[in-house]
A.B. asks: 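The structure that follows is given in the form of structure tokens.
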Amino acid sequence: MQTDRQFEPIKRARNVPRPAVSGGKAIVPSKGNDTTKSTPTKGLSLSHIRVLPVLAQPIMDDEYSVDVRELARLMVDAVRKFTDSIDNWHFSHSDSLDDLILRCTNRLRARGNIDHIEILKGDGQLRLILKRFIGNRSTVYLIPIRPVIELKHRNKILYHILLSFVKSLPFAGLFRTTESRIDWLWEYLFEDVENYKDNKNAMKNHSTRFYARHKNFLEAYEIQDWKTLLDGYRPRKRIYRQIKELLLKAETIDFQVPFQLSLKDGYNCMFEHYESFLVVDRTDSAFANGYIQMLNDCSNDYDIISAYQHIIVEKDNIESFDKGIPQRLNRLEEFIGDLNELLNEL
């Protein structure tokens, strides 16, 4: 992803909420599908079908056709699972499998709270991905590591507690720099830093300087048993006590829940919702602002704001929706927000 915009650090630090601007959509080449862990497959959206028949135009080309009978069978299984019985449905001699598929689609939308359906064909098997909208997410949650590093000589126990805790989180950022989006951003920033080489004030706190100094250490640091350290930690200062109280709640937080979210049409976007959680140097740094700018640019092309939970429907296997995802996501976002604010007070 390329952009000509400059990633200048803002003048004052903000708390956690960092907006990602909603935008339109564009078509890009397909990528691998995370929900099926399979090779790239083609999909069909049935979300806005209003007219008969649903298959009036080919779902896929001649080299990638779908078995309509198998598709109808999966649709019927999904309707029985997520709505009520269809044993009282009546059909005429002129009705086709296309009519049955459309009828199932409408029933899933109206009574099953299914907002989007993808039809996948991979590994020689047909699958449905059923998605339910759970809300809009327009915030990037940042976890600053610089305040933790600066604790090393002031409060070594808390330093190891926080560093081990943050590094154990499953989110990308300074500890995990192999993601293509972050790789590109670092490359851009190191090239862009040439513009600042004669400006000592601009370079003093630049993200590239922090990263170059701490990269090897951050990657090599071995996670300690932060829970045991926390149990024996007896802080005196107010801010340290607040951090301990917050970390004691970590056991009740589901840090994996963002990985259970998806976009409406995952084939047309290179963004995943777990990417809205990021470990950064500072919340007002060139790295943080550059990352958010990339998401803003991405959201101008794709709908990365709408969040869905999804399940897979395949032969002899229909998953169930997890009704607790929205609540667990809210608790995680509140936790990261509180952690961010406390770290910025250090």
Side-chain angles (χ1 to χ4, degrees), residues 9-16 18 140-179 182-183 185-186 189-190 193 196 200-251 253 255 277-292 332 335-346:
I10 58 178
K11 294 182 179 179
R12 64 181 180 83
R14 298 180 182 177
N15 290 331
V16 179
R18 306 301 296 273
V140 180
Y141 292 86
L142 305 177
I143 305 171
I145 202 66
R146 183 189 290 265
V148 177
I149 298 294
E150 293 173 350
L151 275 177
K152 184 174 183 178
H153 300 295
R154 290 189 285 130
N155 192 326
K156 198 162 187 177
I157 295 178
L158 185 58
Y159 160 79
H160 285 296
I161 291 172
L162 285 171
L163 192 56
S164 297
F165 171 73
V166 174
K167 190 170 183 180
S168 69
L169 294 175
F171 310 128
L174 294 180
F175 294 118
R176 298 177 179 85
T177 59
T178 56
E179 288 81 358
I182 294 175
D183 268 349
L185 178 55
W186 277 124
L189 289 175
F190 273 101
V193 82
Y196 295 102
K200 294 183 179 179
N201 290 330
M203 284 301 302
K204 184 178 180 181
N205 290 317
H206 198 278
S207 292
T208 55
R209 182 171 179 177
F210 176 85
Y211 182 65
R213 287 180 59 192
H214 298 286
K215 176 179 182 293
N216 292 335
F217 163 73
L218 292 172
E219 292 179 352
Y221 179 83
E222 294 186 6
I223 297 174
Q224 300 190 31
D225 186 351
W226 64 268
K227 297 177 184 178
T228 299
L229 291 176
L230 186 66
D231 288 339
Y233 179 50
R234 299 292 183 267
R236 295 183 179 181
K237 291 182 64 173
R238 174 194 58 84
I239 183 65
Y240 297 161
R241 290 198 303 270
Q242 289 178 321
I243 291 175
K244 177 175 181 177
E245 291 172 1
L246 181 64
L247 292 181
L248 288 173
K249 301 177 182 177
E251 290 285 350
I253 304 299
F255 295 100
F277 297 85
L278 189 74
V279 179
V280 298
D281 50 342
R282 302 194 322 261
T283 53
D284 64 338
S285 69
F287 177 72
N289 282 278
Y291 187 86
I292 291 171
L332 169 61
F335 180 91
I336 297 298
D338 292 341
L339 177 63
N340 178 287
E341 292 183 357
L342 292 175
L343 292 181
N344 282 323
E345 286 186 38
L346 290 174

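Every heavy atom of this structure was used, including side-chain atoms; hydrogens, water molecules and symmetry mates were not.
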A.B. asks: Do V280 and Y291 make a side-chain contact, defined as non-hydrogen atoms from C-beta onward lying under 4.5 Å apart?
C.D. replies: no

A.B. asks: Would you confirm whether K167, through its side chain, and E222, through its main-chain N or O, come within 3.5 Å as a donor-acceptor pair?
C.D. replies: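 No, the answer is negative, given that no donor and acceptor are paired below the 3.5 Å cut-off.
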
A.B. asks: Which atom names give the shortest non-hydrogen contact between L142 and A288, and what distance separates them?
C.D. replies: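 L142 and A288 have their closest heavy atoms at CD1-CB, 3.9 Å.
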
A.B. asks: Show, in sequence, the C-alpha distance, side-chain angles and deciding distance for L169 and F277, and conclude whether the side-chain contact (heavy atoms from CB on, under 4.5 Å) test is met.
C.D. replies: CA-CA 10 Å; L169 294 175; F277 297 85; over 6 Å; no

A.B. asks: Measure centre to centre between the rings of Y233 and Y240, then say whether the value is under 6.0 Å.
C.D. replies: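 Between Y233 and Y240, the centre distance exceeds or equals 6.0 Å.
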
A.B. asks: Write down the atom of A286, the atom of S207, and the distance for their closest heavy-atom approach.
C.D. replies: N-OG, 3.4 Å

A.B. asks: How many angstroms lie between atom CD1 of I239 and atom CG of L158, to the nearest 0.5 angstrom?
C.D. replies: 9.5 Å

A.B. asks: Do the side chains of L151 and L163 get nearer than 4.5 Å, heavy atoms only?
C.D. replies: no

A.B. asks: About how many Å separate CZ of R146 and CG of L343, when rounded to the nearest 0.5 Å?
C.D. replies: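 Taking CG in L343 and CZ in R146, the distance rounds to 13.5 Å.
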
A.B. asks: Can you confirm whether L346 sits close enough to N155 that some side-chain heavy atom of one is under 4.5 Å from a side-chain heavy atom of the other?
C.D. replies: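 No, every pair of side-chain atoms sits at 4.5 Å or beyond.
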
A.B. asks: Of W186, F210, F190, which meets ring pair (Phe, Tyr, Trp, His ring centres under 6.0 Å) against F287?
C.D. replies: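 Considering W186, F210, F190, a ring pair (Phe, Tyr, Trp, His ring centres under 6.0 Å) with F287 is found only for W186.
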
A.B. asks: How long is the gap from CD1 on I243 to NZ on K237, to the nearest 0.5 Å?
C.D. replies: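 Rounded to the nearest 0.5 Å, the CD1-NZ separation comes to 9.5 Å.
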
A.B. asks: Please report the shortest heavy-atom distance between G337 and Y141, naming the atom on each side.
C.D. replies: N-CD2, 4.5 Å

A.B. asks: Is the shortest heavy-atom distance from the side chain of F165 to the side chain of L339 under 4.5 Å?
C.D. replies: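 Result yes, sub-4.5 Å side-chain heavy-atom pair found.
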
A.B. asks: Look up atom CG in L174 and atom CD in E219, then write down how far apart they are to the nearest 0.5 Å.
C.D. replies: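 The CD atom of E219 is 10.0 Å from CG of L174, to the nearest 0.5 Å.
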
A.B. asks: Looking at side-chain heavy atoms only, is the closest gap between L278 and F171 below 4.5 Å?
C.D. replies: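 Answer no - side chains too far apart.
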
A.B. asks: Looking at R154, I want to see if its CZ is surrounded by more than 12 non-hydrogen atoms of other residues, nucleotides or ligands under 6.0 Å.
C.D. replies: yes

A.B. asks: Taking C-beta and beyond as the side chain, do E341 and Q242 meet within less than 4.5 Å on heavy atoms?
C.D. replies: no

A.B. asks: Nearest 0.5 Å please: distance from the CG atom of N289 over to the CZ atom of R282.
C.D. replies: 9.5 Å

A.B. asks: Okay, side chain of N340, backbone of I336: is any donor-acceptor separation there less than 3.5 Å?
C.D. replies: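 Checking the backbone N and O of I336 against the side chain of N340, no donor-acceptor pair under 3.5 Å is found.
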
A.B. asks: Which class fits the ring pair Y159 and F217: parallel under 30°, tilted 30 to 60°, perpendicular over 60°?
C.D. replies: parallel

A.B. asks: How close do G173 and I182 get, heavy atom to heavy atom, and via which atoms?
C.D. replies: N-CD1, 3.5 Å

A.B. asks: Atom NE2 of H214 and atom CG of D281: how far apart are they, to the nearest 0.5 Å?
C.D. replies: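 Those atoms lie 9.5 Å apart.
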
